[in-house]
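Indexing begins at 1, ligand by ligand and atom by atom, following the structure's order.
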Amino acid sequence: MDENTVLEALQQHFKFATFKSQLQQNAVMEIVKGENDVLVSMPTGSGKSLCYQLPAVLKPNKITIVFSPLLALIKDQIDHMLALKIRAASLNSKTLKAEREALLMDLKTTTPNTRLLYITPEQAATNTFKELFKNLTKFNKVAYLVVDEAHCVSQWGHDFRPDYLKLGELRNDNKIPVIALTATAGVEVTKDIVNSLKLSIDHRKFKTSSFRSNLYYDVFYQNIVDDMYKHLKDFILECLNSEEEKELPKEERSCGIVYCRTREQTEIIAEKLNSMGIRSQCYHAGLKNKERLDFQEQWQSGDYPVICATISFGMGVDKSSVRFVIHWGIPKDPASYYQESGRAGRDGKPSKCRIYYNKADKKAVEFHLTRDLGKAQDNVSKKLNAQSAMNGFAKIVQYCETVLECRHKLFSKYFGDPPPNCMKNCDICTNRKVVADMVELFHTKNIQFSTTQENVDFEDMYGGGRKGQNDELENYGNECESDGERESKAKKQTDEFIKKQFAIRKNPKIAFIKKCTTDGQIHEALATHEVQPAKNETLSDLFRNIKKDQTIRKRKQDNQEPEDNKKLKTCFVKASELIQMEVEPPEDEGENTITNYFKKTNINKFSELIDSEHKSDLQKHEEIVPENNKSNELEVTKSDESNVSSVDKDVMLKVREEESVSRIEDLERKTEDALRSKSNNNCHVKSKPKVVPVSKPQPVPKPSEKPKVEGQSTSTKDINSKVKKLFGADSDNEQSDTNKYTPNKIDDKDKSKKLNKVNAGVLVVKLLNPAFSEGRFESKETFKSISRAITHAFIGKDVNDIKMYVRNFLEKNQVITSKTEV
Ligand SMILES: Nc1ncnc2c1ncn2[C@@H]1O[C@H](COP(=O)(O)OP(=O)(O)OP(=O)(O)O)[C@@H](O)[C@H]1O
């Protein structure tokens with residue numbers, strides 16, 4: 001086929017007058033010939049897709065099968081093709097029945113109309129596809145086999161997908177040309193692609209230099225500025241160029257991506273930027289599908305110029321006006337960094353790629369990698385994987401921590417390209433001296449920090465630790481799994497966690513909880529009472545009464561108040577809390593699933609309702625936690641919690657979700673004690689209760705009034721003594737009477753959002769507690785001393801100040817020892 005015919009087709013079908021580059025044209029012409037296998041390795045945004053789409057269109061009556069890693073990516077491609085009136089389809093679990101039947105009918109005909117059939121590698125391994133493929137090849141109906149994102153075949157790449165390895169089998173007995181496309185084929189990766197996909201020895205290779213001359217690379221160090229968020233904001237504003245682009249349509253204006261290592265970071269940074277006036281969305285795998293799509297759309301349409309995301313964001317995102325890609329913390333390896341930062345400047349205009357580096361982040365990743373390597377000792381392939389991850393990471397650390405060579409050289413080395421002519425397209429080539437000074441300052445500050453910190457070797461300390469390679473990938477928001485896979489993984493984790501707990505505690509209540517969580521049917525379990533009777537009668541009463549929830553809600557709708565309304569609600573809250581804590585899995589992924597799950601349950605809804613409508617009722621109930629309910633001194637009682645939650649309910653909700661398993665028994669005991677105590681005070685669920693109207697919450701007494709709440713003095717004393725223990729014996733002395741904790745005072749404080757010592761202490765403990773549960777504190781003593789130090793620093797300060805400080809503190813210090821500075 002001559003060049004003119006191909007150009008005409010380019011114009012006719014794709015509306016492009018010319019090829020985007022000579023390389024694109026050469027690749028297309030070679031593929032159109034159909035004589036050889038072809039490997040196309042070109043940077044992101046260079047128009048690789050057209051290299052197979054145009055040849056596919058030029059093969060009438062034949063089908064091009066494209067293997068692509070993500071359903072979302074497939075959907076994008078199909079939408080794009082259909083918009084161009086090129087018939088494309090996919091065969092997957094989400095394909096509607098009628099659509100599937102129509103497609104299969106078309107494929108059966110001798111002259112199929114479908115030009116492109118998109119399949120994930122996992123679907124390619126199914127018998128249905130194998131059968132279909134056999135038939136298609138039998139009648140010579142397949143034009144090309146295209147493997148998109150072919151680097152996924154390689155363990156040396158950053159998106160390794162074992163199912164990609166099986167694709168090589170498809171070409172066994174046929175002569176169908178295989179087209180492999182990738183943006184990031186380093187030397188090792190290229191070898192793997194050729195071997196795994198069984199490309200012919202004389203395959204043709206179309207490869208551009210990895211050098212992107214419009215991208216400016218630099219590194220900045222979080223610890224050398226006082227306010228790193230302000231620095232971030234200033235940099236973003238500089239890149240966005242908003243003033244000059246006022247007249248442009250929103251979707252064409254400059255925008256950017258901030259990649260974060262963890263989901264939590266994406267939310268924190270987005271929140272910070274928003275508070276500083278930069279409209280930002282977050283994006284990570286923990287969001288619901290709809291939220292993710294919405295947020296991506298809002299970024300794409302220019303409503304939100306900044307998206308703070310884990311690396312799950314980006315594959316298939318085709319936005320040309322990305323003026324910056326920031327990595328908040330360290331990327332995973334050079335290949336990942338090249339791929340992620342390469343999303344900037346796809347229109348060829350100058351754009352910036354910056355890493356905001358910090359040592360704590362590096363240590364956190366190192367910890368995971370060292371641990372994975374330790375775990376993989378007996379498994380050769382896992383060991384290879386872990387070693388390769390460590391090597392890649394070491395290279396990116398060197399990139400960040402030294403001033404050895406041009407930033408672009410990292411990539412050219414990795415891709416086996418000759419060194420590029422950077423022409424001052426990185427900080428080192430622009431002003432080596434300034435960068436050297438900055439690096440020195442970074443190291444000096446770190447040395448200062450660590451001499452006061454510890455002599456602990458983190459690698460030794462953590463080597464061979466808890467989790468595996470997958471968790472590490474999770475830390476980077478690995479998105480290769482489908483939603484379904486993720487969910488089932490999360491479910492498995494939850495199940496395993498529950499099993500473990502089961503074994504540890506051999507408590508009959510677990511049977512109930514296990515049933516609830518594994519079946520996802522709390523209400524059914526409650527309603528049918530398929531619960532092993534708890535040994536403790538009070539608890540079993542509790543559960544028995546909970547099932548009346550249905551009745552309560554029904555009556556509430558009918559505006560009737562059941563007599564025992566209040567008690568049941570209280571029980572309900574307790575139970576929901578108990579269950580929530582019991583099932584909380586330690587892993588990120590599981591936590592999300594579980595959290596979402598509970599969000600869906602009426603139990604949670606119900607407890608929220610109570611929280612908002614009957615806080616005072618609840619407070620009253622909480623305050624009768626008996627003095628003999630002595631748990632570990634770090635524990636903040638529910639009574640504390642309910643008061644803190646009046647100061648900051650969101651924080652409490654989150655903390656509640658994150659509290660450690662080790663505290664569950666205390667909570668249970670407390671629950672039971674509280675109920676027992678209620679019983680002693682004529683409040684037991686079995687006894688005839690006083691009627692408390694739902695529509696009229698208890699009036700809150702004025703600050704000067706002594707609150708007439710049963711049991712309050714006990715509770716207050718209890719809490720004060722707990723906090724005294726934690727924050728020093730002088731707690732009481734230092735406080736004026738007006739500063740002393742009382743349940744009602746907290747409402748006053750709430751208004752000003754300023755905290756006295758006791759409440760500041762309670763809040764600090766709550767905020768630090770998840771990190772304590774994760775084992776990030778060297779010891780309990782350290783936890784206490786750090787809590788004390790932070791509390792002292794924040795007495796009388798704003799709640800939000802404490803929240804922000806603790807967040808930053810935890811972000812900066814992955815591991816907290818007695819030497820960690822506050
Ligand atoms: N010949 C051409 N002329 C003009 N634009 C083109 C041409 N070929 C492709 N493009 C456009 O270039 C952009 C990038 O193309 P494409 O998404 O195929 O790149 P890619 O290399 O596959 O990127 P990625 O690796 O991110 O998937 C698209 O908007 C596409 O429409």
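- The neighbour count for Lys33 NZ, taken as heavy atoms of other residues, nucleotides or ligands under 6.0 Å away, is above 12.
- For the side chain to side chain donor-acceptor pair (under 3.5 Å) with Gln281, the lone residue among Glu297, Gln296, Gln298, Arg292 that qualifies is Gln298.
- Residue Gly47 has at least one nitrogen or oxygen atom sitting less than 3.5 Å from a nitrogen or oxygen atom of ligand 1, judged on distance alone.
- With Gln53 as the partner, the side chain to side chain donor-acceptor pair (under 3.5 Å) test is satisfied by one option alone out of His13, Lys48, Gln77: Gln77.
- Residue His80 has no nitrogen or oxygen atom sitting less than 3.5 Å from a nitrogen or oxygen atom of ligand 1, judged on distance alone.
- Between Trp299 and Val306, the shortest heavy-atom distance links the atoms CD1-C, 3.8 Å.
- Listed by number with element, the atoms of ligand 1 under 4.0 angstrom from any heavy atom of Ser49 are 16 (P), 18 (O), 22 (O).
- Within the structure, ligand 1 lacks Asp148 among the residues with a heavy atom less than 4.0 angstrom away.
- Here Thr18 has backbone heavy atoms under 4.0 Å from ligand 1, and that is the only part of it that gets that close.
- Pairing each heavy atom of Tyr164 with each of Ala150, the nearest pair is CE2-CA, 4.5 Å.
- Here atom 9 (C) of ligand 1 lies nearest to Gln24 when heavy atoms of Arg346, Met42, Gln24, Gln53 are compared.
- Looking at ligand 1, you won't find any N or O of Glu149 less than 3.5 Å from one of its N or O atoms.
- In the candidate list Phe14, Phe16, Phe19, Phe16 is nearest to atom 31 (O) of ligand 1, counting heavy atoms.
- Between Tyr399 and Phe411, the two ring planes are tilted [angle within 30° to 60°].
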